[in-house]
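In what follows, a structure is listed as structure tokens, so that the remarks can point back to it.
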Amino acid sequence: MSYTLPEFFAHALALEKEAAERYLELADMMEAHRNDEVSAVFRDMHRFSLLHHEDIRQRAQGIELPELRPGEFRWRTPPETGGEEAFDYTLRAYDALRYARENESRAMQYYRSVADETQDPELKRMATEFANEESGHLQALELWLARTPRPAAKWQDDPGPAQPPA
Ligand code: ZN
């Protein structure tokens, strides 16, 4: 499927807006868990998404944007939950980061596929630029994931208190 520039702008705006909202929720959730480090990561991501959204809005100025069908571009909810429970307050830092990584990865793939499929050089240039930006976010999340302890087990089959980090 190939996009026109207005369609691309409409999608990108929806994507960044939703990312900003989800990151704010994730940041608040991690703060409630007293995980200030990971909360700060999500606050940064929230800010990047807002900046990107504003940047796209300015580029799209004066262009009439099509309506998106509802749900045309959505963040995917964590696999173990659905809909309303997407932001289960028990979501752990590791899971929250993995969830964010999956969605950044989808955003990057979306921008890349637009860049690959379009015949419009301007759209190709912009989609490539956006894909590279998402790739940077993805790398930042990868780094955080690498330093975040992977939860060993769910609480119900947890053999006992967690071991202190080595
Ligand atoms: Zn991003």
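In listed order, ligands and their atoms are each counted from 1.
Using a cut-off of 4.0 Å between Lys/Arg side-chain N and Asp/Glu carboxylate O, E18 and R22 are scored as salt-bridged. A salt bridge is absent between R101 and E104: the closest approach of a Lys/Arg side-chain nitrogen to an acidic carboxylate oxygen does not fall below 4.0 angstrom.
For the atom pair L50 CG and H53 NE2, the distance stands at 8.5 Å (nearest 0.5 Å).
Of the possible polar contacts, one joining the S39 side chain to the A27 backbone as a donor-acceptor pair under 3.5 Å is found.
In summary, the side chains of S113 and Q109 do not present any donor paired with an acceptor at a separation below 3.5 Å, with no hydrogens or angles considered.
With contacts defined as side-chain heavy-atom distances shorter than 4.5 Å, the pair E102/L97 does not qualify.
Atoms of the protein (N, O or S only) found under 2.8 Å from the Zn ion (ligand 1) are E104 OE1, E104 OE2, E134 OE1, H137 ND1.
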